[in-house]
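What follows is a short report on a single structure.
Letters A, B, ... mirror the listed sequences (proteins, then strands); counts begin at 1.
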Protein chains: 2
Amino acid sequence: MNMMDDTGSRETSATRAAYLSLREMILVGDLAAGKKLKIEQLRSMLDVGASPVREALSLLTSDMLVERIDQRGFRAAPVSLANFEEILNLRCTLEDMALRQSIARRTSDWEEHLVLSHHRMKRVVGTDTFEDAHKTFHMTLLGNSESPMLERYCSQLYDLNIRYRYLAAGGARYQSRDIAAEHEDILDAAVKGDADAASVALLSHYRLTGEYLTSQLGGL
Amino acid sequence: MNMMDDTGSRETSATRAAYLSLREMILVGDLAAGKKLKIEQLRSMLDVGASPVREALSLLTSDMLVERIDQRGFRAAPVSLANFEEILNLRCTLEDMALRQSIARRTSDWEEHLVLSHHRMKRVVGTDTFEDAHKTFHMTLLGNSESPMLERYCSQLYDLNIRYRYLAAGGARYQSRDIAAEHEDILDAAVKGDADAASVALLSHYRLTGEYLTSQLGGL
DNA sequence: AAATCCAAAAATATCGATATTTATTGACAT
DNA sequence: ATGTCAATAAATATCGATATTTTTGGATTT
């Protein structure tokens with residue numbers, strides 16, 4: 001059997017395609033938190049075999065987006081206020097660490113990347129692309145830390161947080177706060193090399209968002 | 001075909017058995033760092049099918065003990081001095097956080113668990129069981145933090161560190177330092193509820209071990 | 001009426017086989 | 001000799017089928 005058919009594209013591998021699809025569906029809430037994830041169902045939904053699905057679910061387990069129940073399959077990781085607050089705390093600690101390391105090793109090359117990713121985030125229009133650009137900006141801030149594991153943790157936690165944003169607002173945008181100014185503050189401090197100011201700006205950015213989200217997450 | 005045969009025991013699932021075996025082999029160095037992990041080879045070595053092996057390798061990817069190379073299979077995660085130092089740094093930050101949270105919420109129940117796990121670690125004889133008891137003691141220290149993700153990160157990092165201990169000493173024991181006294185200091189401060197003292201004792205415990213290991217890891 | 005147990009159904013976990021991709025080797029042209 | 005290319009070999013990724021386990025629903029008993 002030949003797999004080069006429908007869209008004509010070959011997304012590197014069935015496992016990766018399944019992983020990305022499932023991840024997105026969990027992040028935005030198409031697959032509800034706590035919901036049982038049945039192999040056969042996903043298999044037909046994604047049009048791949050059971051093996052790639054299982055492997056994708058295993059990978060999502062590492063991302064803490066899926067839980068494996070001993071001999072009883074998988075389910076989308078549950079959400080809770082406690083979990084949200086734990087994510088927020090961990091992010092504050094780990095991003096503070098990563099940001100300071102990034103700034104400590106700063107180079108003009110990194111600063112240029114920063115300015116660029118910030119600029120792109122401002123220009124972007126669609127919601128989807130804004131999500132991507134926003135994550136890129138934040139990860140660029142931490143991306144000079146020379147600490148791949150730390151960056152991986154931060155990226156994971158960022159994604160886990162996205163989930164609560166969608167949960168709070170159905171995927172809609174932020175509230176009335178001036179997010180753009182907050183981003184600008186972080187950028188300026190980072191480019192200036194002022195680690196303390198950058199850290200304060202970043203953490204208050206997260207804490208403000210955290211408070212807003214907490215207020216919206218009554219039903220948990 | 002019936003799988004209830006050889007040892008008469010059924011280790012819950014083939015995937016889990018493979019996961020535990022592979023993990024152990026990587027930790028102690030039976031599977032060398034950076035080494036290609038061929039499915040067929042592991043399949044026959046562990047006497048299971050390819051699917052459980054693949055799934056176990058996927059899980060080990062989350063533990064950062066295995067790396068997946070796009071369409072080219074898996075390999076044991078490489079080691080390096082930089083990686084070791086990164087692990088040490090992350091452990092110091094995260095365990096400090098977890099320990100302080102544990103102490104802040106301390107209960108007599110937790111204190112009793114602590115004393116018990118410490119006692120068991122002192123009594124133990126074999127190397128294998130000491131490893132287990134040692135990890136149990138350290139994880140108990142952090143186990144009252146009410147922060148499952150944080151504890152998971154700490155556990156992961158602990159395991160990654162074990163690997164370097166085996167690498168430095170071929171699995172042998174520590175050097176002449178009085179480890180027992182260091183453990184005692186940590187325990188006492190924790191039970192007393194003195195977070196600062198406990199944190200200092202814990203971190204210096206790690207930093208001393210880190211220096212010793214670094215000195216032994218010339219060939220990286 | 002409630003609880004228990006058994007049989008049927010569903011779902012998971014695992015295997016063996018096959019298709020696809022990557023790595024290797026040797027021939028051929030330059 | 002050296003580099004390129006094709007043919008072969010090896011290994012991975014994926015599928016379809018099967019065995020095992022868990023769940024469900026109803027019949028039987030207390």
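Minimum heavy-atom separation, B/A18 to B/P52: CB-O, 4.3 Å. Taking every heavy atom of both residues into account, A/S58 and A/R68 meet most closely at OG-NH1, 3.8 Å. Listed here is the closest heavy atom pair of A/A77 and A/M64: CB-O, 3.5 Å.
Rounding to whole angstrom units, CZ of residue A/R16 and P of D/dT14 are separated by 12 Å. Taking atom CD on A/E55 and atom P on C/dT14, their separation rounds to 14 Å, with Å as the unit. In this structure, CD of B/E67 is placed 16 Å from P of D/dT12, rounded to the nearest angstrom. Atom pair A/L42:CG and C/dA11:P shows a separation of 12 Å (rounding to whole Å applied). Atom CD in B/Q71 sits roughly 14 Å away from atom C1' in C/dA23 (whole-Å rounding). Between the CZ atom of B/R43 and the C1' atom of D/dT12 there is a distance of 14 Å, given to the nearest Å. Between A/R54 atom CZ and D/dG16 atom P the separation is 17 Å, expressed in whole Å. Residue B/D70 contributes atom CG, which lies 8 Å from atom P of C/dT22 at whole-angstrom precision.
No hydrogens or angles considered: a donor-acceptor pair under 3.5 Å links the side chains of B/E151 and B/S145. Looking only at atom types and distance, the side chain of B/T61 has no donor-acceptor partner in the side chain of B/E67 under 3.5 Å away. Side-chain contact check for B/Q156 and A/Y153: at least one donor-acceptor pair (N or O, by modelled atom type) lies under 3.5 Å.
OP1 or OP2 of C/dT14 has at least one side-chain nitrogen or oxygen of B/T15 nearer than 4.0 Å.
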Shorter than 3.5 Å, N or O on both sides, protein versus nucleotides 7-11 of chain D: list them out with atom names.
from: D/dA11; atom 1: OP1; to: B/K38; atom 2: NZ; distance (Å): 3.3

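One finds a salt bridge joining B/E131 and B/R165 here, because a Lys/Arg side-chain nitrogen approaches an Asp/Glu carboxylate oxygen to under 4.0 Å. Using a 4.0 Å cut-off between charged side-chain N and carboxylate O, B/R163 and B/D159 make no salt bridge.
Using a 4.0 Å heavy-atom criterion, one finds that B/L37 contacts the sugar-phosphate atoms exclusively.
Remark on the helix from C/dA1-D/dT30 to C/dT30-D/dA1: inter-end axis angle 10°, axes from five-pair C1' superpositions, rounded to 10°.
Residues that satisfy the ring-ring contact (aromatic ring centres under 6.0 Å, His included) test with A/H138, not counting sequence neighbours, are A/H134, A/H183, A/H205, A/Y206.
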